[in-house]
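Notes to accompany the following structure.
On a predicted model such as this, the values are computed, not experimentally measured, just so you know. Heavy-atom basis, side chains included; hydrogens, waters and symmetry copies ignored.
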Amino acid sequence: MFLLFRLAIILSIPTLMWVGWSASPDFVSPGNMRYLAGLFIGVWGFAFQLMRKSADLISLPGLTGREQERLVLRLAAIRSRVWWIGGVAVVSGFLVWLIGSMPTLADSPIAPISIGLLIGIGVSYAVVIPRWFNEIYSFTEVLRLREDKKRRAESALKQIEDGKKKVTRDSAVA
């Protein structure tokens with residue numbers, strides 16, 4: 001379902017760009033493309049914020065060896081995703097600027113459709129990044145809940161042992 005949502009974003013933005021270009025051919029101009037290329041800087045910054053936040057999780061306390069390994073593998077996958085998004089954002093931003101600054105290409109319907117496709121890809125990544133944040137934090141929440149349950153179980157066991165000792169002492173005194 002989420003993949004269909006992303007695909008709808010990627011395909012609807014070129015259509016909207018083409019409609020905007022049909023209404024106003026100056027829509028695809030070098031000046032406007034500067035602002036649209038700024039969208040990719042925002043996506044890239046958002047992705048690197050994800051990478052920075054995920055780096056904070058590497059030193060979670062109370063992890064078993066297997067969980068630490070899972071965390072390291074998951075964070076490595078996220079870092080590779082972020083670098084992929086960064087590369088796509090740089091290339092897309094450059095292509096948006098290049099297509100918008102070519103006067104012969106800016107007059108054809110290829111320019112708004114291709115720029116819309118690139119922007120659709122950038123927006124679809126911007127939609128996906130919050131999901132990755134949730135993926136990271138759900139993993140840490142599971143670990144925190146497990147640690148909390150472990151602490152509560154240890155404290156309950158200690159209370160039970162203290163209660164048994166008290167009962168034993170009381171019966172020995174009597």
Side-chain angles (χ1 to χ4, degrees), residues 1-20 27-28 30-101 110-155:
M1 182 68 178
F2 195 70
L3 182 65
L4 291 175
F5 179 66
R6 285 185 64 202
L7 189 60
I9 288 173
I10 291 171
L11 296 178
S12 65
I13 292 180
T15 306
L16 292 172
M17 291 287 290
W18 179 76
V19 168
F27 185 63
V28 179
N32 291 342
M33 293 307 105
R34 236 184 337 192
Y35 298 114
L36 289 176
L39 168 83
F40 297 105
I41 294 170
V43 169
W44 203 22
F46 196 36
F48 278 108
Q49 176 68 10
L50 170 72
M51 190 160 65
R52 190 179 69 76
K53 287 288 189 184
S54 68
D56 295 342
L57 300 175
I58 200 68
S59 62
L60 283 175
L63 293 178
T64 64
R66 185 173 184 275
E67 290 168 338
Q68 183 69 31
E69 182 180 341
R70 280 182 47 210
L71 178 64
V72 167
L73 290 174
R74 188 169 285 190
L75 292 178
I78 288 172
R79 277 191 302 274
S80 67
R81 291 180 202 171
V82 168
W83 286 112
W84 171 255
I85 290 173
V88 168
V90 167
V91 168
S92 297
F94 175 72
L95 288 175
V96 164
W97 171 80
L98 185 68
I99 291 169
S101 64
I110 293 172
I113 291 171
S114 59
I115 290 171
L117 183 65
L118 293 169
I119 291 172
I121 290 170
V123 169
S124 76
Y125 278 135
V127 167
V128 132
I129 291 172
R131 187 174 181 183
W132 293 343
F133 269 114
N134 289 338
E135 181 182 323
I136 290 172
Y137 286 105
S138 69
F139 181 74
T140 59
E141 287 169 0
V142 165
L143 293 176
R144 286 187 183 127
L145 283 173
R146 191 193 74 219
E147 283 297 311
D148 189 44
K149 285 180 184 178
K150 185 178 173 182
R151 246 182 282 127
R152 277 196 238 145
E154 288 172 354
S155 114

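Rounding to the nearest 0.5 Å gives a distance of 8.5 Å between CG of Leu3 and CD1 of Ile10. Ser92 OG to Ile85 CD1: the interatomic distance, rounded to the nearest 0.5 Å, is 11.0 Å. Atom CG of residue Leu75 and atom OG of residue Ser80 lie 11.0 Å apart, to the nearest 0.5 angstrom. Taken to the nearest 0.5 Å, the NZ atom of Lys149 stands 6.5 Å off from the CG atom of Leu145. In this structure, Phe94 CZ and Leu118 CG are separated by 12.0 Å, a value rounded to the nearest 0.5 Å.
Two residues are said to be in side-chain contact when any heavy atoms from C-beta on lie closer than 4.5 Å; Thr15 and Leu11 fail this criterion.
Of all non-hydrogen atoms in Gly116 and Met17, the two that sit nearest each other are CA-CG, 3.5 Å. Looking at every heavy atom in both residues, Ala111 comes nearest to Ser114 through O-OG, 3.1 Å.
At most 12 heavy atoms of other shown residues, nucleotides or ligands fall within 6.0 angstrom of atom CZ in Phe5. The environment of CG in Leu16 is crowded: more than 12 heavy-atom neighbours from other residues, nucleotides or ligands sit within 6.0 Å. Heavy atoms of other residues, nucleotides or ligands lying less than 6.0 angstrom from CD of Gln49 number more than 12.
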